[in-house]
Structure formats: C-alpha cells, structure tokens
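The model shown is predicted, which means the values in this text are computed figures rather than measured ones.
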Amino acid sequence: MAIAWWNTTATTRFLPLTGPLYVDVAVIGAGITGLTAALQLGRAGKSVAVLELSTVGAGSTGDSTGHLTSSLDSSYEALISHFDEAGARIAAQSSMEAIEVIERTVAELAIQCDFSRVPGFRFSQSLAGAAMLEREAVLTGRLGLTTSFSREAPIPIAVTGALRFENQAQFDAPRYCQALAAALPLYGGAVYGDTIVESVKEGPPCVVRAGGHVVTAGAVVIATHTPLNRVLALQQHLSPYISYTMAFAIGDGAFPEGLFWDT
C-alpha cells in the first residue's frame with residue numbers, strides 16, 4: 001500500500017535570489033499566508049518579491065491537514081467573553097470569508113488541489129463537553145454561522161454530543177500554494193526559494209538582507225508563522241507544541257464525509 005504523506009506535494013523549487021532587488025513589498029515566507037498576500041498585492045499593481053527558506057508550502061502550511069473551518073481553537077464562548085459578540089462575529093465571518101476566497105481562487109486559477117466543501121463536526125465523549133457544544137450551537141447561530149447540535153455524529157465511536165458546522169472545506173494545501181506561486185509572475189511578482197532571510201530593517205525604505213543580497217522595499221510582510229527575531233516581547237509568550245496526524249487504511253469501507261475534531 002502506498003501512503004501519501006501530507007507534505008510530499010510541497011516539492012516545487014524556485015531559484016534563489018542572486019542579486020539586489022527593489023520592490024514595493026517584500027514577503028517573507030511562501031506558505032498560504034505569504035503567497036495569498038503576495039498575489040493580492042500583485043493584483044493591486046504592486047511589485048512583490050517572496051523570499052522562502054525552502055520550498056513553496058513546505059512549512060506549517062504543508063504540515064497541516066488541509067482543514068478549512070470556522071471551528072476555531074478557542075471556543076466562541078471564550079471569544080465572546082474576551083471580545084464581546086462583535087469581536088467574535090468578526091472571527092466567525094472572517095473564517096467563512098477565507099474559505100470563500102480560497103474557493104474562488106481555486107476556480108479562477110483552475111487549481112487541482114482536491115478542494116471540496118464538507119461539513120465539520122466538533123464532538124465530545126464527556127457530558128461536560130456535550131453541554132459546552134450545546135451552548136456553542138446557540139452562540140454560533142447568533143454569530144451568523146450555520147450550525148446544529150446533535151447527540152450523535154457520523155463516526156464509528158460513541159459520542160455524548162456533536163456540533164455540526166455547515167459549508168466547511170478541505171484541500172491539498174501545498175498544491176494550492178504552488179498554484180499561487182505559479183500565478184504570481186503573471187502580475188509582475190517573483191518567488192525566490194532556498195533563500196534565507198538574515199535580517200529585516202524597518203524603513204522607509206525597509207531593507208531585507210537575504211541570501212547574501214539586499215532587498216529594498218517600501219513594506220515588508222513577515223509570514224513566517226512566528227516572527228523573525230524582531231519582536232522579543234511577543235516571542236517570550238510563544239510555546240512550541242507538536243500535534244500528530246496518523247493515516248490508516250480502512251479496507252473496502254467508506255469513511256463518512258466530513259471533518260472531525262474532538263474537544
């Protein structure tokens with residue numbers, strides 16, 4: 001049996017930076033954040049250079065499972081307690097709008113990345129977790145999301161409750177990123193791979209030293225998951241975590257369509 005690991009599709013390499021460069025915007029990191037920003041800037045008429053340490057989509061983007069969802073790491077109950085309903089509504093709506101942007105981009109660029117709309121299920125196997133999900137169903141409805149609570153979930157394990165999110169999605173993130181990178185030159189932008197960024201100096205103009213060369217830019221977007229060694233006050237509050245994804249063959253059976261997360 002051949003196993004397709006998530007990040008094996010992040011194989012497209014771009015030539016490194018070989019000399020000085022002058023652009024409107026330098027983007028550091030060729031994951032989904034950096035490439036999305038770069039493509040939007042290019043479409044707006046800005047000259048853009050994307051600087052990537054390795055290959056397109058090979059970092060945090062490539063290590064993800066490709067879930068596109070409005071079911072966030074923090075509960076909406078917690079978001080409302082911190083930011084009121086107005087702030088939580090922004091989080092909910094922006095998550096759904098992000099999925100719509102990706103879906104439109106897939107159609108516009110004819111990207112072969114297995115994008116599909118599927119429901120998402122956040123489920124619990126405890127009574128306390130089920131009660132929390134039932135409260136979340138009420139709150140997410142008030143925030144404009146289409147959700148429903150049930151005592152069952154379409155997976156072969158016993159659950160005490162499940163919150164179903166409609167119109168979620170899944171895709172192959174590295175392949176999507178490769179298509180964004182391929183489209184960027186159509187708008188005058190460029191991607192430079194195997195180019196390590198050594199320093200960033202704020203401007204104007206901004207000066208980025210990368211691969212032994214200097215990139216002069218009107219602005220810099222740092223899309224590196226965690227900031228480069230520039231915001232020490234923020235980095236002091238960051239903790240490294242690892243989560244694991246496992247792949248299994250289920251023989252002739254068919255697994256239910258959807259995304260599934262426990263509490």
Side-chain angles (χ1 to χ4, degrees), residues 6-64 66 94 98 101-102 104-106 108-109 111 113 171-238 240:
W6 278 260
N7 217 346
T8 55
T9 54
T11 56
T12 301
R13 304 201 81 89
F14 286 79
L15 294 175
L17 185 66
T18 57
L21 201 60
Y22 299 84
V23 291
D24 292 325
V25 184
V27 177
I28 304 173
I32 190 169
T33 302
L35 288 169
T36 300
L39 188 59
Q40 295 301 321
L41 288 164
R43 285 173 164 174
K46 303 295 184 181
S47 59
V48 184
V50 179
L51 308 171
E52 167 57 40
L53 171 66
S54 180
T55 60
V56 164
S60 297
T61 299
D63 286 335
S64 77
S94 63
V101 167
I102 291 172
R104 285 199 306 269
T105 305
V106 167
E108 290 168 2
L109 301 180
I111 302 174
C113 63
F171 73 149
D172 185 317
R175 284 199 177 103
Y176 178 80
C177 286
Q178 290 167 21
L180 298 189
L184 188 57
L186 300 177
Y187 301 94
V191 177
Y192 299 93
D194 297 313
T195 299
I196 186 170
V197 172
E198 294 123 10
S199 67
V200 179
K201 181 182 177 182
E202 294 188 20
C206 300
V207 177
V208 180
R209 297 190 178 275
H213 304 287
V214 173
V215 178
T216 305
V220 176
V221 175
I222 298 180
T224 54
H225 189 59
T226 58
L228 302 175
N229 292 323
R230 300 176 61 255
V231 193
L232 296 180
L234 172 61
Q235 290 180 325
Q236 291 173 0
H237 296 282
L238 299 178

Tyr192 vs Leu21 side-chain heavy atoms within contact, under 4.5 Å: yes

Euclidean distance, Leu180 CG relative to Arg175 CZ, rounded to 0.5 Å: 14.5 Å

Distance-minimising heavy-atom pair for Leu109 and Ala179: CD1-O, 4.3 Å

N/O donor-acceptor pair under 3.5 Å between Glu52 side chain and Asp194 backbone: no

Non-hydrogen atoms of Ala38 and Val27 that approach each other most closely: CB-CG2, 4.3 Å

Beyond-backbone contact of Ile102 with Ile32, side-chain heavy atoms, under 4.5 angstrom: yes

Val56, Asp172, Ile111, Thr33 screened by side-chain contact (heavy atoms from CB on, under 4.5 Å) with Cys177, the one that passes: Val56

Nearest heavy-atom neighbours spanning Thr216 and Pro205: CG2-CB, 3.7 Å

Val208 and Val220, any side-chain heavy atoms less than 4.5 Å apart: yes

Validation row: Val191, Leu35 side chains within 4.5 angstrom (heavy atoms): yes

Value rounded to 0.5 Å, distance of CG in Leu51 from CD in Glu198: 10.5 Å

Spacing of NZ belonging to Lys46 relative to CG belonging to Leu41, to within rounding of 0.5 Å: 8.0 Å

For Ala26 against Ala217, the heavy-atom pair lying closest together: N-CB, 3.8 Å

Tyr176 and Thr105, any side-chain heavy atoms less than 4.5 Å apart: yes

For the student: nearest non-hydrogen atoms of His225 and Ser60, plus distance: CG-OG, 3.4 Å

Result of checking Val200, Leu53, Val50 against Ile28 for side-chain contact (heavy atoms from CB on, under 4.5 Å): Val200

Smallest separation among heavy atoms of Ala181 and Pro185, with atom names: O-CD, 3.2 Å

Atom CG of Leu186 with >12 non-hydrogen neighbours under 6.0 angstrom: yes

From CG (Leu184) to CD (Gln40), nearest 0.5 Å: 11.0 Å

Side-chain donor/acceptor of Thr195 to backbone N/O of Ala210, under 3.5 Å: no

